[in-house]
Peer 1: 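I'd like to ask some things about the structure below.
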There are 4 protein chains.
Amino acid sequence: MITTAIIGASGYSGAELIRLLSGRDDVHVEKVIAHSSAGKPVSELYPAFNGRVKLAFELFDPVIGQQVDVAFVALPSGEAMKVVSQLHGTQARIIDLSGDFRLPSITKYEQYYKHTHSAPELLNDAVYGLPELNEGLISIAKLVANPGCYPTGAILPLIPALKNRLVFPDRLIINSLSGISGAGRSSSVEMSFSELNENVRAYKIGVHQHIPEIENVLSGVAEDEVRVSFIPHLVPLTRGIYTTIHAELTERVTKETVIESYVEFYKNSHFVRIRKEIPQIKDVLYTNYCDIFVAVEERTNQLVLISVIDNLVKGAAGQAIQNMNIMYGFPQSKGL
Amino acid sequence: MITTAIIGASGYSGAELIRLLSGRDDVHVEKVIAHSSAGKPVSELYPAFNGRVKLAFELFDPVIGQQVDVAFVALPSGEAMKVVSQLHGTQARIIDLSGDFRLPSITKYEQYYKHTHSAPELLNDAVYGLPELNEGLISIAKLVANPGCYPTGAILPLIPALKNRLVFPDRLIINSLSGISGAGRSSSVEMSFSELNENVRAYKIGVHQHIPEIENVLSGVAEDEVRVSFIPHLVPLTRGIYTTIHAELTERVTKETVIESYVEFYKNSHFVRIRKEIPQIKDVLYTNYCDIFVAVEERTNQLVLISVIDNLVKGAAGQAIQNMNIMYGFPQSKGL
Amino acid sequence: MITTAIIGASGYSGAELIRLLSGRDDVHVEKVIAHSSAGKPVSELYPAFNGRVKLAFELFDPVIGQQVDVAFVALPSGEAMKVVSQLHGTQARIIDLSGDFRLPSITKYEQYYKHTHSAPELLNDAVYGLPELNEGLISIAKLVANPGCYPTGAILPLIPALKNRLVFPDRLIINSLSGISGAGRSSSVEMSFSELNENVRAYKIGVHQHIPEIENVLSGVAEDEVRVSFIPHLVPLTRGIYTTIHAELTERVTKETVIESYVEFYKNSHFVRIRKEIPQIKDVLYTNYCDIFVAVEERTNQLVLISVIDNLVKGAAGQAIQNMNIMYGFPQSKGL
Amino acid sequence: MITTAIIGASGYSGAELIRLLSGRDDVHVEKVIAHSSAGKPVSELYPAFNGRVKLAFELFDPVIGQQVDVAFVALPSGEAMKVVSQLHGTQARIIDLSGDFRLPSITKYEQYYKHTHSAPELLNDAVYGLPELNEGLISIAKLVANPGCYPTGAILPLIPALKNRLVFPDRLIINSLSGISGAGRSSSVEMSFSELNENVRAYKIGVHQHIPEIENVLSGVAEDEVRVSFIPHLVPLTRGIYTTIHAELTERVTKETVIESYVEFYKNSHFVRIRKEIPQIKDVLYTNYCDIFVAVEERTNQLVLISVIDNLVKGAAGQAIQNMNIMYGFPQSKGL
């Protein structure tokens with residue numbers, strides 16, 4: 001029995017971790033930590049858990065590091081690093097869902113996240129937790145930096161094209177459409193129903209904190225400097241990310257050749273499905289799948305890639321559990 | 001040219017007043033007051049007004065009462081009465097969209113609104129601004145208490161049945177389904193998109209502040225004590241209220257007879273349409289209409305009434321303008 | 001290993017059965033029958049099943065009755081009875097999700113369903129599959145008539161009140177708000193996104209086919225004639241039914257007494273949760289729970305009951321599986 | 001008084017024309033033509049018009065060409081040309097909202113629209129009805145080809161950049177997100193609420209019929225061959241199109257310079273607003289505005305352009321009325 005704690009359990013990713021883990025008999029959630037809700041039963045904040053989850057939220061105590069095997073940290077960036085610092089070096093292996101340990105460069109971190117990094121000494125120990133890329137490192141990691149939701153949807157479809165040098169790495173155009181739960185459990189006029197319903201808006205053009213994450217990971221894949229123009233959009237649905245990518249082809253290829261290379265590349269990746277038809281968000285809702293579609297536009301010499309994920313599953317809690325499965329030698333798909 | 005000010009202009013009802021009034025050439029909006037946004041152009045908060053509305057929000061100054069013909073007060077209940085007190089007795093005729101002057105009983109007000117009433121001396125001067133009921137009084141009023149959104153949708157379909165003593169007044173069952181804009185421009189987790197989308201919930205059962213308003217107005221109509229069980233529900237759309245009412249019939253009647261009496265009662269009411277088919281919210285969106293449908297269920301001896309309104313138009317700003325039209329002798333439908 | 005077939009597998013209830021059953025290792029779906037899609041892989045119609053479900057749709061062949069243990073019939077009313085007739089008497093135990101075998105009265109059936117009943121001789125063998133009411137009979141049934149979605153949401157909250165004679169049975173007011181998937185996988189202008197989004201509408205007032213189902217089952221519970229005024233409404237969400245019920249109290253009771261009797265009545269019913277706060281649809285989405293809330297309105301002498309279910313789970317496929325679990329001696333909640 | 005007929009009046013664009021024109025006292029809608037609804041009052045199909053529009057749908061009769069000043073044709077592509085052929089040469093000036101007369105090349109038309117063109121002889125007479133581009137020609141045209149919804153949202157933001165040779169014309173990346181009403185009043189499973197709600201999907205990649213329209217118009221503007229990769233997406237809202245464009249800059253420019261050139265270019269275009277903040281669909285809903293936002297991404301050398309329109313107004317009926325205003329010497333914004 002693997003014992004776990006979820007720190008920052010009152011947000012949507014935390015709740016999704018509870019939902020997914022509470023169905024397993026080989027993993028036990030010992031503690032759920034949420035400062036602002038400490039003392040309240042989980043089922044008070046999330047009535048869906050009535051009769052299913054008996055836990056109550058608690059305050060954080062670093063002794064947790066001695067009590068559980070895995071600590072999932074689902075706190076906002078900036079807060080997560082404080083908790084990770086306190087847990088690092090204890091018996092607990094850490095899966096951090098924040099952005100705090102995803103970037104090797106402190107400069108970039110501070111530029112995009114707009115606050116200082118208080119635990120730079122841990123960056124070297126962190127493994128970027130994209131299972132399709134880093135399975136070996138994840139399996140032995142003490143600290144996993146779970147990927148962001150947008151990066152998961154953007155990186156997975158681009159890996160094979162960049163590895164195979166099918167496209168120029170310095171002019172990738174990424175348009176992502178996200179459900180609103182990606183913004184977290186938030187209280188602001190901007191995130192209210194009346195403002196977002198029957199509406200679409202782009203935001204953080206050129207300054208989104210996921211830009212350096214995408215570029216850093218893909219530069220490693222391409223062994224070359226990758227530059228992306230990434231435009232995130234909010235669309236009126238709760239869950240899911242739709243990503244449409246344009247990349248200029250380096251040479252003439254057929255759609256069939258590209259698809260073949262994608263199928264080959266992901267043949268052992270349970271959660272990546274190369275699709276023949278254009279995918280829809282509902283194809284992956286409440287699952288850990290990332291569905292990928294490939295098109296070649298000869299007229300404009302573009303490779304068009306589309307991916308869909310559930311931002312709370314493959315884009316957060318599901319991927320975290322996939323990482324835990326790898327760390328403990330379970331099949332990646334266990335409980336997902 | 002009628003000159004007007006909108007006090008509390010940054011909320012949804014205020015913005016709707018701006019939208020509706022800015023299209024008229026016989027009415028001029030002189031000032032828009034919004035404490036928290038003072039100094040900002042209206043078009044910064046509501047970019048839809050770019051190029052159409054040049055006004056900027058200002059702080060409230062009681063001298064407004066000497067500067068305009070009509071003051072629309074679109075502040076929350078509790079705040080509205082403070083402003084109304086300062087404007088009362090000036091040249092400005094006041095149309096108050098809050099609940100502060102709708103109830104003749106201070107006791108009921110304080111019981112349901114949960115705060116004290118600071119201007120009880122003005123209650124006698126206030127006219128309940130339901131044009132279909134009080135046209136004469138409205139035409140000469142200095143202070144109009146514009147009806148609530150739920151009460152508008154509940155009262156209009158019940159008036160003819162109660163006037164004609166078709167139903168028992170003490171056991172009216174009212175279920176209303178409201179779009180989210182009814183809750184105002186609010187920043188809370190409860191009103192966020194992710195909480196309300198793909199969801200329905202009832203709220204404030206038995207304690208909603210519109211209960212005494214509905215009962216008071218309908219008791220006057222029925223010349224008897226009216227009691228309602230009113231259950232408001234939030235449904236995932238921005239605008240509109242759907243109200244379904246059950247009332248026990250006092251005697252056997254046919255649907256045809258009832259419809260006839262409704263058509264007769266509302267024959268001179270431009271904005272009430274007695275419908276032959278079951279109405280939908282989209283039949284009235286962005287209009288000042290209240291559509292009413294009547295059914296007689298012999299098996300259970302119930303009169304079933306359905307109404308639909310746009311909560312921001314007939315349920316707020318549109319009705320306020322309808323009242324202004326009456327006050328100045330315009331056709332009720334002018335600019336609506 | 002229990003072997004099963006799903007007949008009418010291309011609709012939403014059929015797909016939900018596939019989803020729920022495909023996760024079990026003690027139940028095997030042998031065949032999925034869908035006339036109009038015969039030959040196509042399930043994953044072509046429902047791409048979410050890519051990589052998870054290998055089955056292809058087939059034409060119906062009565063020999064299925066000799067090949068499987070359980071036949072789920074998820075066809076429209078009128079078509080279901082033809083298939084049930086052919087399967088009846090074979091080894092297969094039948095769980096029929098249509099309305100064809102829910103009403104003991106052929107007259108009522110033909111009045112409300114508007115077509116003749118071709119298999120009246122089977123009506124006596126059918127057990128109404130509401131597990132909370134008929135567990136014993138279901139466990140030995142050869143033919144289970146799985147309840148309708150609206151009836152499930154209306155009957156469960158009313159049973160304890162009627163059993164305990166808390167309310168008058170002949171004037172029950174039921175308002176239900178349903179997600180659109182309740183209308184099935186349909187191609188009509190009325191069910192198109194542009195018509196239903198940002199809209200609410202009641203429909204089939206007084207003539208909905210679930211009225212006699214609700215009245216018949218509740219009359220049995222009350223040992224008295226039950227009459228309901230049932231108003232179904234479509235609200236713009238995909239899944240879920242919100243039901244608000246008014247029932248006149250026979251005597252003064254406190255909310256506490258009523259809640260106690262509800263808790264007591266449902267103490268062994270895993271899937272019924274008596275809630276202290278007003279429930280929301282999202283509390284039960286993708287689960288087989290029915291959450292019930294009780295309020296007593298002294299002013300109007302009404303018992304107010306609210307229930308929420310997921311129409312495709314507790315209102316259809318989940319309840320069917322709960323019935324199968326009972327038939328085979330599994331815990332009711334297995335796989336749900 | 002200008003007299004008009006609307007042919008194909010039962011679809012969403014037709015209904016929007018009725019809505020917009022019925023508010024004018026200088027234009028009269030004489031006839032509304034809709035084959036499938038002939039004989040029915042408009043208010044039966046669109047109950048919102050109850051009490052406001054007295055017209056009934058009629059069958060088409062070519063004599064209309066002698067009876068009205070303007071014929072709006074809002075039929076599907078393929079059907080429109082048959083009606084236009086019969087009206088051409090009569091007194092009526094024609095504004096055709098279909099795609100039938102937008103492309104000068106029959107070859108391209110037949111390639112993308114998948115049917116033959118039966119009236120190629122009229123193509124020379126047709127003026128592309130984008131007022132911001134062709135005001136002079138529109139003012140004297142007998143046949144106006146009203147632009148498509150996607151082309152309107154894509155062309156307007158690209159004109160100044162191409163005119164000023166700021167970007168390479170042969171690699172324009174256009175991602176558009178459309179509300180569902182763009183698909184028309186349709187009865188198909190694909191367009192049903194349950195399929196589109198909580199979902200996003202791209203469609204017709206590389207084969208959408210608006211591709212040659214965009215390329216043809218912009219090639220004229222650029223005086224060079226324009227090639228676009230255009231990816232349309234359906235997002236779950238009823239109205240509005242959000243268009244995000246990437247174009248590679250030909251040289252280093254600042255955002256300020258580009259914005260200045262946009263402001264200058266559109267200084268006399270009432271309905272184009274160059275915005276300083278990222279626009280949202282709700283900024284233009286129910287209006288004829290096209291809001292445009294400009295960003296320069298130095299890192300990737302891209303000009304990023306965003307536009308928002310209401311697909312039924314600036315993308316269809318509103319633009320048609322803007323064209324009519326130009327044809328009759330009214331201010332472009334009259335009645336809009």
Side-chain angles (χ1 to χ4, degrees), chain A residues 8 10-16 19 34-37 40 44-48 50 57 76 149 177-203 233-241 281-282 285-286 310-313 315-317, chain B residues 8-16 19 34 36-37 40 44-48 50 57 76 149 177-203 233-241 281-282 285-286 310-313 315-317:
Chain A
S10 63
Y12 292 141
S13 295
E16 194 73 7
R19 182 177 79 83
H35 192 263
S36 60
S37 301
K40 285 190 197 167
E44 190 177 318
L45 217 64
Y46 291 99
N50 264 306
F57 294 114
C149 51
L177 319 181
S178 176
I180 310 300
S181 64
R185 202 161 168 279
S186 74
S187 62
S188 69
V189 170
E190 286 70 28
M191 290 299 143
S192 70
F193 185 90
S194 299
E195 294 294 313
L196 294 168
N197 186 42
E198 291 300 282
N199 199 12
V200 170
R201 66 175 165 93
Y203 67 106
H233 302 71
L234 293 181
V235 290
L237 39 85
T238 303
R239 282 164 168 254
I241 295 181
I281 278 183
K282 71 189 171 71
L285 280 181
Y286 292 92
D310 183 318
N311 60 305
L312 293 178
V313 187
Chain B
S10 64
Y12 291 141
S13 295
E16 194 74 5
R19 181 177 79 84
S36 59
S37 301
K40 285 189 196 167
E44 188 177 320
L45 217 64
Y46 292 99
N50 265 304
F57 294 115
C149 51
L177 319 180
S178 176
I180 310 302
S181 63
R185 203 160 168 278
S186 74
S187 61
S188 68
V189 170
E190 285 71 26
M191 291 299 143
S192 70
F193 185 91
S194 300
E195 294 294 313
L196 293 169
N197 185 42
E198 291 299 284
N199 198 13
V200 171
R201 66 175 164 92
Y203 67 106
H233 302 72
L234 293 181
V235 290
L237 38 87
T238 303
R239 281 165 169 253
I241 295 181
I281 277 183
K282 71 187 170 74
L285 280 180
Y286 292 92
D310 183 317
N311 59 306
L312 292 179
V313 188

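Here is how names work: the chains are called A, B, and so on, in the same order as the sequence lines, proteins then strands, and each is numbered from 1.
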Peer 1: With a 4.5 angstrom heavy-atom cut-off, is it the side chain or the backbone of B:S186 that approaches chain A, or both, or neither?
Peer 2: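 For B:S186, the contact with chain A is made by the backbone alone.
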
Peer 1: Need one label for A:E190: side chain, backbone, both or neither, based on atoms under 4.5 Å from any heavy atom in chain B.
Peer 2: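 Nothing of A:E190, per the 4.5 Å heavy-atom cut-off to chain B.
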
Peer 1: Which of these passes side-chain contact (heavy atoms from CB on, under 4.5 Å) with B:F193: A:S192, A:S181, A:P236?
Peer 2: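 The option that passes is A:P236.
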
Peer 1: Within this structure, what is the OG-CZ distance for the pair A:S194 and B:R239, rounded to the nearest 0.5 Å?
Peer 2: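 Rounded to the nearest 0.5 Å, the OG-CZ separation comes out at 10.0 Å.
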
